[in-house]
Amino acid sequence: HRLYLLLLLCVLYYNGLQSTRYFVNFDEAQDLAETEYELLKLALGKNATYNIYGDVNQAIYDYKGISDWSEISGITSNIYFLNEDYRNTIEITMHCNHKFESEISAIGLSGEGVIETGFEKGIEKIAYIHRSQTNYRSAIIYKKGLLGFREIVEESLRKFNVNTGLNQIDKSKISILTVEEAKGLEFDAVLVVEDGMEVNEQYVAYTRALDNLIITRIDRK
């Protein structure tokens, strides 16, 4: 907010750029608010060209973001949709299509089926994958603010003699990350603990998995 206000004051005092042509590229563009786009338009002037890349299904912040690209039609007029999933296995893509009522074309390789199981079984499965596939990046993704979660996970993993990495990516450890921390990353195997997750958070968490997706809840027996 402080940066936003400073930039706004600069624009009001100095006016926006008028002559220089800019090409501005936004990644994770769904996470910017409409007012932020409008401010950048004022600052960069009418000659700026915007290339915007994002997925509104991955808008997970309740205080800002874009839920429909028409909200920023004044910034960009040409919209192109990529409807193919080249990253996740066919099984993960098809599971997400069913879960979120989407119609993404599965272009990836075939892999293991998505597993929905109890919490202890889920922990056992991600620990087994981590130990047997030493070149894999493995992660457990959970909802921010889930009280006592990390202690519960570490206690459950201790019996499998698996090292855990809080807020870090390390092949020798199972990373334990919130949805926000995992956003933009990818892992070979992911255990999603979906307690408290909104639909878009589930979508982000599920699609972090390249080959193995395990879904559980702490209260699922």
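Remember, it's a predicted structure, so these values are computed and weren't measured experimentally.
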(message) Same cluster or not: L40 versus Y4, using hydrophobic residues (I, L, V, M, F, W, Y) connected whenever any side-chain heavy atoms lie under 4.5 Å apart?
(response) yes
(request) Verify, without hydrogens or angle tests, whether E155 (side chain) and I152 (backbone) share a donor-acceptor contact under 3.5 angstrom. (result) no
(message) If you compare all heavy atoms of I129 against all heavy atoms of A189, which two are closest, and at what distance to 0.1 Å?
(response) CG2-CB, 3.7 Å
(request) Output yes when a side-chain donor or acceptor of R87 lies under 3.5 Å from a complementary backbone atom of T207, and no otherwise. (result) yes
(message) Between T49 and V24, is there a side-chain heavy-atom distance shorter than 4.5 Å?
(response) no
(message) With heavy-atom distances below 4.5 Å as the criterion, would you say the side chains of E112 and E91 are in contact?
(response) no
(request) Identify whether Y63 and V204 are in the same connected component of the hydrophobic contact network (ILVMFWY, side-chain heavy atoms under 4.5 Å). (result) yes
(message) Can you give me the closest heavy-atom contact between M94 and A106, atom names plus distance?
(response) SD-CB, 4.3 Å
(message) So, taking the atom named CD1 in I140 and the one named CZ in F187, what distance separates them when rounded to the nearest 0.5 Å?
(response) 11.0 Å
(request) Could you walk me through whether M197 and V192 pass the side chain to side chain contact (heavy atoms under 4.5 Å, CB included) test, one step at a time? (result) CA-CA 10 Å; M197 286 189 185; V192 176; 3.8 Å; yes
(message) Could you check whether N200 and N57, counting side-chain N and O atoms only, form a donor-acceptor pair closer than 3.5 Å?
(response) no
(message) If you compare all heavy atoms of Y142 against all heavy atoms of R150, which two are closest, and at what distance to 0.1 Å?
(response) OH-NE, 2.8 Å
(message) Looking at I72, is its backbone amide N or carbonyl O close enough to the side chain of E34 to form a donor-acceptor pair, meaning the two atoms are under 3.5 Å apart?
(response) no
(message) For the NZ atom on K144, are there more than 12 heavy atoms of other groups (residues, nucleotides or ligands in this structure) within a distance under 6.0 Å?
(response) no
(message) Under a 3.5 Å cutoff, is there a donor and acceptor pairing between the side chains of Y53 and E28?
(response) no
(message) Within the 4.5 Å heavy-atom criterion, are Y61 and D31 side-chain neighbours or not?
(response) yes
(request) Is it possible for you to say whether L7 and L12 belong to one hydrophobic cluster, with membership spreading through side-chain heavy-atom contacts below 4.5 Å? (result) yes
(request) Decide side chain to side chain contact (heavy atoms under 4.5 Å, CB included) for H130 and Y136; before the verdict, give the C-alpha distance in whole Å, the side-chain angles of both, and the deciding distance to 0.1 Å. (result) CA-CA 7 Å; H130 178 72; Y136 267 28; over 6 Å; no
(request) Tell me, yes or no, whether the heavy-atom count around K183 atom NZ, taken from other residues, nucleotides or ligands under 6.0 Å, exceeds 12. (result) yes
(request) Compare all side-chain heavy atoms of I141 with those of Y206 and state whether any distance is below 4.5 angstrom. (result) no
(request) Determine whether the aromatic ring centres of F160 and Y128 lie less than 6.0 Å apart. (result) no
(request) Could you pull out the closest heavy-atom pair between E120 and S156, with the gap in Å? (result) OE2-OG, 3.4 Å
(request) For residues L109 and T89, determine if any side-chain heavy atom of one lies less than 4.5 Å from a side-chain heavy atom of the other. (result) no
(message) side chain to side chain contact (heavy atoms under 4.5 Å, CB included) for Y203 and K99? Distances and angles first, verdict last.
(response) CA-CA 9 Å; Y203 177 83; K99 173 77 174 182; over 6 Å; no
(message) Given K143, which partner from the list E181, E201, E194 fulfils the salt bridge (Lys or Arg N to Asp or Glu O under 4.0 Å) test?
(response) E201
(request) Side-chain contact test, heavy atoms from C-beta onward, threshold under 4.5 Å: evaluate it for I215 versus H95 and give yes or no. (result) yes
(message) With a 4.5 Å cut-off on side-chain heavy atoms, are I218 and V193 touching?
(response) yes
(message) How long is the straight-line distance from OG of S67 back to CD of Q30, given to the nearest 0.5 Å?
(response) 11.5 Å
(request) Could you grab the distance from atom CD1 of I52 to atom CD1 of I79, nearest 0.5 Å is fine? (result) 8.5 Å
(request) Would you confirm whether T216, through its side chain, and F119, through its main-chain N or O, come within 3.5 Å as a donor-acceptor pair? (result) yes
(message) Go through it in stages, so that I can follow the logic: the residues are N25 and Y50, the test is side-chain hydrogen bond (donor to acceptor under 3.5 Å, both in side chains), and I'd like the CA-CA distance, side-chain angles, deciding distance and then a yes or no.
(response) CA-CA 6 Å; N25 296 285; Y50 300 91; over 6 Å; no
(request) For R208 and L185, indicate whether the former's side chain and the latter's backbone hold a donor-acceptor pair under 3.5 Å. (result) yes
(request) Might you point out which heavy atoms bring I104 and E84 nearest each other, and give the distance in Å? (result) CG2-C, 4.1 Å
(request) Compare every heavy atom of I66 with every heavy atom of A33, then report the nearest pair and how far apart it is. (result) C-CD1, 4.3 Å
(request) Enter the distance from I92:CD1 to D211:CG here, rounded to the nearest 0.5 Å. (result) 6.5 Å
(message) Working to the nearest 0.5 angstrom, can you tell me the gap between I75 CD1 and S73 OG?
(response) 9.0 Å
(request) Inspect the surroundings of CD in E151 and state if more than 12 heavy atoms from other residues, nucleotides or ligands are less than 6.0 Å away. (result) yes
(request) Could you tell me whether a side-chain N or O of N83 sits under 3.5 Å from a main-chain N or O of E103, the two making a donor and an acceptor? (result) yes
(request) Check step by step if side-chain hydrogen bond (donor to acceptor under 3.5 Å, both in side chains) holds for T93 and N88. (result) CA-CA 6 Å; T93 302; N88 310 105; 4.7 Å; no
(message) Aromatic contact between F26 and Y37, with the criterion being ring centroids under 6.0 Å apart: yes or no?
(response) yes
(request) Could you state whether V190 and I90 fall into the same hydrophobic cluster, counting links through intermediate Ile, Leu, Val, Met, Phe, Trp or Tyr residues with side-chain heavy atoms under 4.5 angstrom apart? (result) no
(message) Can you confirm whether L157 sits close enough to I174 that some side-chain heavy atom of one is under 4.5 Å from a side-chain heavy atom of the other?
(response) yes
(request) Please test R137 against L210 for side chain to side chain contact (heavy atoms under 4.5 Å, CB included), starting from the C-alpha separation and ending with a verdict. (result) CA-CA 10 Å; R137 293 162 296 173; L210 298 178; 3.6 Å; yes
(request) Could you tell me the separation between the CG atom of L42 and the SG atom of C10, rounded to the nearest 0.5 Å? (result) 13.0 Å
